[in-house]
Amino acid sequence: MVKSNMLKFNSTYFRLFSLIFTIEVLIALYVHDNFVRPYLGDVLVVILIYCFIKSFLKLKVIPTAIFVLLFAFTVEFLQYLNVVEKLGLQNSKIARTVIGTSFCWEDILSYIAGIFVVILVELFFRKK
């Protein structure tokens, strides 16, 4: 249950979310390389999710970052289990893009790196 004082729109996080979402879409549409799309895209996706959550909920940094990381790990684990195929969604481009289709340890490391960036940036701006 979300307490009413936890619900608070934060325009800064929402602007960051919007910017990162735009970057992610541009990467998905136009970048077909071996670094930016597979690794930087995964670093950015956890930052994107973090900013989205913080856009609407007033939550502490570390618990939110851990939640996002665990969520990303869960999605990656679902890829390991081939959940897209098991749900019969292998022909759905949206499902294949959102859930993904192949487990990769490098993705796990990218998610960790993204959350590390989140925590470092939050700590940096808290000190100012």
Exercise for the section: Determine which pairs satisfy side chain to side chain donor-acceptor pair (under 3.5 Å) with at least one residue from residues 30-47, sequence neighbours left out, and list them in order. Expected result: H32-R37

What donor-acceptor contacts under 3.5 angstrom involve side-chain atoms of residues 107-117, with partners at least two apart or in another chain?
residue	atom	partner	partner atom	Å
S110	OG	E106	O	3.0
Y111	OH	E76	OE1	3.0

Could you go through residues 77-92 and list every donor-acceptor pair under 3.5 Å that involves a side-chain atom there, pairing it with any protein atom two or more places apart or in another chain?
residue	atom	partner	partner atom	Å
Q79	NE2	I99	O	2.5
K86	NZ	L81	O	3.0
S92	OG	A95	N	3.1

Fill in the blank from the handout: Sorted by chain and number, sequence neighbours left out, ring-ring contact (aromatic ring centres under 6.0 Å, His included) with F52 holds for F17, F56

Handout entry: I27 and L44: CA distance, side-chain angles, deciding distance, side-chain contact (heavy atoms from CB on, under 4.5 Å) verdict
Key = CA-CA 11 Å; I27 289 171; L44 289 175; 4.0 Å; yes

Exercise for the section: Rounded to the nearest 0.5 Å, what's the gap from CG on L16 to OH on Y50? Could you check? Expected result: 10.5 Å

Practice task
Give the cluster check for V61 versus V68: same hydrophobic cluster or not, with ILVMFWY residues linked at side-chain heavy-atom distances below 4.5 Å.
Solution key: yes

Problem - Cluster overlap L120 with V46, hydrophobic side-chain contacts below 4.5 Å - result: no

Practice task
Output all residues satisfying side-chain contact (heavy atoms from CB on, under 4.5 Å) with S11, sequence neighbours left out; order by chain, then residue number.
Solution key: F9, R15

Fill in the blank from the handout: Residue pairs passing the salt bridge (charged side-chain N to carboxylate O under 4.0 Å, His left out) test with at least one member in residues 53-68, sequence neighbours excluded, are none

Handout entry: Interatomic spacing from CD1 in I23 to CG in L19 - rounded to 0.5 Å
Key = 4.0 Å

Handout entry: More than 12 heavy atoms of other groups within 6.0 Å of I94 CD1
Key = no

Handout entry: Flag if over 12 foreign heavy atoms under 6.0 Å of OH, Y13
Key = yes

Fill in the blank from the handout: Value for CE (M6) from CG (L57), rounded to nearest 0.5 Å, stands at 6.0 Å

Exercise for the section: Would you indicate whether the side-chain heavy atoms of F67 and L59 approach each other to under 4.5 Å? Expected result: no

Problem - Atom pair CD1/CG of I53 and N10 - distance to nearest 0.5 Å - result: 13.5 Å

Problem - F73, CZ: over 12 other non-hydrogen atoms inside 6.0 angstrom - result: yes

Practice task
Starting at CG of L123, measure out to CD1 of I62 and round the result to the nearest 0.5 Å.
Solution key: 6.5 Å

